[in-house]
Structure formats: C-alpha cells, structure tokens
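First up is the structure itself, then whatever we jot down about it.
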Amino acid sequence: MKITSAEFVKSAFNREHWVDDLRPEIAFLGRSNVGKSSLINSLLNRKGLARTSNTPGRTQSINYFLINDEFYFVDLPGYGYAKVSKAMRSDWGTMAEEYLSAREQLALCIQLIDVRHEPTRLDLQLNEWLNFHQKPHIVVATKADKLSKNQLAKQVKAIRLSLADSTVEIYSSETGKGKEELWSTIQSAISRWP
Ligand code: GTP
Ligand code: MG
C-alpha cells in the first residue's frame, strides 16, 4: 500500500467523541504494552505518529489516524495492566468493548499478542468474543525479532493451536517482518467494505 497521507485526527474518551464519519476503520487491540502503537507506526513508516512507551497503559483513549483520506487506523486502549485502579481498568474495558460492539465501520480488528508467550487469559477471552460475535479479525503475533528462528517456529505453532479459530500472522515492528502480508490483509478487508 502506498501511504500518501497519515494524520492523527483525535483522541476519544467517550462515545460522543467517536469520529463522525462512515469511512472504514481498522482497529488495533491487545494487552497494554504488547506493541499496538508501534505496529501502527511501523505499518505507516512514521516513527512518532502513534505514541509508544515502555510504560504500559500509555494509550488510554481511542485514537484515530486517517490514512490516505480513505480509512482510519484506530488505536484502542490496552487491557490487562494490573497497576491501575480497578475503576480505571473497567473504564478501559468498557470503552473498548462498547466500541467493538457498537461500531459499524469496523472493517477489520487486529488483535495483537506477544509471540514470545502463550496467549493470556484476557487474550483468549477477547479472541473468543471476536469469534462469537463474528467480527472480521486477525491475530498478529508481534515482537518476532525477539526470538530465534527455531523458537519462533515453535511459538507460532503453539499459538496457532490455541487460537485455532483465527488467522494468525507474524510481525515485528522492529524489522518490518510481516508488513507486506499484513497490508494485503488490511487492503482486502477495506476492499470488501461495506
Ligand atoms: P499501550 O499503549 O500501553 O497499550 O501499549 P502498546 O500496545 O501501544 O505498546 P507500544 O507500541 O507502546 O510498545 C511497548 C514497548 O514494546 C515499546 O518499548 C516498544 O518499543 C516495544 N515494541 C513494540 N513492538 C515491538 C517489536 O515488534 N519488537 C521489539 N523488539 N519491541 C517492540
Ligand atoms: Mg499504545
């Protein structure tokens, strides 16, 4: 995909702030610190567009990026970060779940997991939810640069077994591994839209 423009549009903290637009959206979901914002920057070849951080819980709002004036990337808050208050945790969950349930513009949900680990309980829950509600989605196992070739093959096999109802792609935001494949998945989701 040739990126002619990529701009941050806004952050939404509640439903009234959602973008009022019918263009298709690609949403990025996954636990805090898994690499959602890094994946967005990597796909767009823009280093600082989506804010990344070593501090989990950095992205606490729904962030919209408009690409080529054609479609949106939507960076959703991460789940599973234990160090925030219970109230805040459930706010995030509610915000993301409300978005996923209600948003009709969602052409594709990209669920990120860390390729080094088996999916967590919350990863499995989200994945079941996406399958149950028949949301168009794929799983992207990221941080592939952190494993050797052998370890990677072994992990990917285990992950594909445990998320057998979903397509799993491999990625590294560090090296760009998997970028072409992921873009072609995104493009076909957009072209099927609406
Ligand atoms: P929240 O906004 O807190 O939910 O986190 P996030 O999912 O947006 O994660 P973010 O992109 O901020 O990345 C978290 C950390 O992981 C940062 O230090 C990134 O540099 C690192 N990281 C993300 N993707 C990769 C990757 O593919 N490879 C490596 N080596 N590091 C990565
Ligand atoms: Mg983030």
Side-chain angles (χ1 to χ4, degrees), residues 6-13 17 25-67 72-100 108-127 130 137-153 155-156 159 168-183 185-186:
E7 48 180 298
F8 171 71
V9 177
K10 73 189 293 194
S11 294
F13 291 89
H17 299 151
E25 295 177 359
I26 312 295
F28 296 80
L29 343 161
R31 78 171 168 68
S32 197
N33 220 35
V34 69
K36 298 175 293 299
S37 302
S38 302
L39 174 59
I40 290 175
N41 290 333
S42 160
L43 284 168
L44 298 171
N45 304 315
R46 304 284 155 92
K47 269 208 152 69
L49 190 65
R51 281 174 66 196
T52 62
S53 156
N54 283 317
T55 318
R58 166 59 70 202
T59 312
Q60 301 182 16
S61 49
I62 296 174
N63 293 312
Y64 292 93
F65 303 89
L66 180 60
I67 320 301
Y72 289 92
F73 274 1
V74 184
D75 194 3
L76 288 172
Y79 52 78
Y81 178 49
K83 279 195 188 149
V84 297
S85 72
K86 257 202 177 142
M88 250 177 121
R89 248 183 289 163
S90 74
D91 267 2
W92 293 353
T94 313
M95 194 152 62
E97 190 182 339
E98 184 187 20
Y99 199 80
L100 294 174
L108 184 67
C109 297
I110 297 181
Q111 179 184 9
L112 276 81
I113 61 166
D114 189 321
V115 76
R116 292 171 295 176
H117 312 293
E118 296 288 300
T120 66
R121 187 178 52 81
L122 291 171
D123 291 335
L124 293 169
Q125 255 176 31
L126 172 63
N127 188 257
L130 292 169
H137 73 278
I138 57 156
V139 173
V140 167
T142 192
K143 306 196 181 180
D145 58 282
K146 299 226 185 203
L147 293 179
S148 71
K149 215 175 154 200
N150 279 344
Q151 289 171 314
L152 185 64
Q155 268 308 109
V156 170
I159 289 169
V168 179
E169 291 185 14
I170 319 304
Y171 204 89
S172 165
S173 298
E174 197 70 27
T175 66
K177 180 186 173 71
K179 198 188 281 194
E180 257 178 58
E181 193 185 358
L182 185 52
W183 264 123
T185 304
I186 292 170

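Just follow the structure's listing: the first ligand is 1, and inside any ligand the first atom is 1.
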Below the 3.5 angstrom mark, is there an N/O of [X], backbone or side chain, next to an N/O of ligand 1?
X    : answer
A144 : no
T52  : no
S173 : yes
D75  : no

N-O pairing of R51 and D75 below 4.0 Å: no

Backbone, side chain, both or neither: what part of T142 comes under 4.0 angstrom of ligand 1, heavy atoms only? side chain

So is G30 touching ligand 1 or not, going by heavy atoms under 4.0 Å? no

Show me which atoms of ligand 1 lie under 4.0 Å from any heavy atom of S172. 27 (O)

At a 4.0 Å threshold, what atoms of ligand 1 neighbour a non-hydrogen atom of G78? 4 (O)

Using modelled atom types only, decide if a donor and an acceptor are shared between the side chain of [X] and the backbone of [Y] within a distance under 3.5 Å.
X    : Y    : value
D123 : T120 : yes
Q151 : S148 : yes
T52  : G48  : no
K143 : R116 : no

Can you name the side chain to side chain contact (heavy atoms under 4.5 Å, CB included) partners of S173, sequence neighbours left out? S38, L39, S42, T142, Y171

Check the orientation of W183 and F73. Use parallel for under 30°, tilted for 30 to 60°, and perpendicular for over 60°. parallel

Nearest non-hydrogen atom to atom 24 (N) of ligand 1 belongs to which of S38, A50, A141, S37? S38

At a threshold of 2.8 Å, where the distance has to be below it, does the Mg ion (ligand 2) have an N, O or S atom of T52 nearby? no

